[in-house]
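For reference, positions follow the sequence shown, starting with 1. Heavy-atom basis, side chains included; hydrogens, waters and symmetry copies ignored. On a predicted model such as this, the values are computed, not experimentally measured, just so you know.
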Amino acid sequence: MINLAAIIHTIDCVFTSIIFVPMLFILYAKFTPAKKRGSKFKNLYRLSLVLVGMFLIRCFCDQLIFTDVNYQRFTDSGLFPLIKVLFYPEYP
């Protein structure tokens, strides 16, 4: 279980570190002329939108819901190990 928590934490750190790539792609797609864009480009654009949306939800949860004030409320939850790995890595 500890290894799984470390893997999830690593994936989360990598995701939050390289999220700028899909953001840049969305900006590129919005501000360049739409000539003949194929289905691969459209699918990549949709995937980028989903990834950025997930990042925004994660930021919302991190800053407003899973704060240190609410730590005691979430310790009784069944999903507490996952919540602890993602939002409370500083607690033992």
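- Interatomic distance, I57 CD1 to D62 CG, rounded to the nearest 0.5 Å: 13.5 Å.
- Taking all atoms of both residues into account, the shortest heavy-atom contact from R37 to K42 is O-CE, 3.9 Å.
- S39 meets the side-chain hydrogen bond (donor to acceptor under 3.5 Å, both in side chains) test with no other residue; sequence neighbours excluded.
- Other members of the hydrophobic cluster containing F20, listed by chain and number, are V21, L24; membership follows side-chain contacts under 4.5 Å among ILVMFWY residues, whether direct or relayed.
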Ignoring hydrogens and angles, write down the donor-acceptor pairs under 3.5 Å from the side chains of residues 7-17, residues two or more places apart or on other chains.
| residue | atom | partner | partner atom | Å |
| --- | --- | --- | --- | --- |
| H9 | ND1 | V85 | O | 3.4 |
| T10 | OG1 | A6 | O | 2.7 |
| D12 | OD1 | R58 | NE | 2.8 |
| D12 | OD2 | R58 | NE | 3.4 |
| D12 | OD2 | R58 | NH2 | 2.8 |
| T16 | OG1 | D12 | O | 3.0 |
| T16 | OG1 | C13 | O | 3.0 |
| S17 | OG | C13 | O | 2.7 |

Please tabulate, one pair per line, all N/O donor-acceptor pairs under 3.5 Å involving side-chain atoms of residues 46-54, not counting sequence neighbours.
| residue | atom | partner | partner atom | Å |
| --- | --- | --- | --- | --- |
| R46 | NH1 | N43 | OD1 | 3.4 |
| S48 | OG | L44 | O | 2.9 |

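- Contacts of I65 classified as side chain to side chain contact (heavy atoms under 4.5 Å, CB included), with partners at least two apart in sequence or in another chain: F60, C61, F74.
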*Could you walk me through whether F55 and M23 pass the side chain to side chain contact (heavy atoms under 4.5 Å, CB included) check?*
CA-CA 10 Å; F55 177 72; M23 289 180 184; 3.7 Å; yes
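- Qualifying ring pair (Phe, Tyr, Trp, His ring centres under 6.0 Å) partners for F41, counting only residues two or more places apart in sequence or in other chains: F25.
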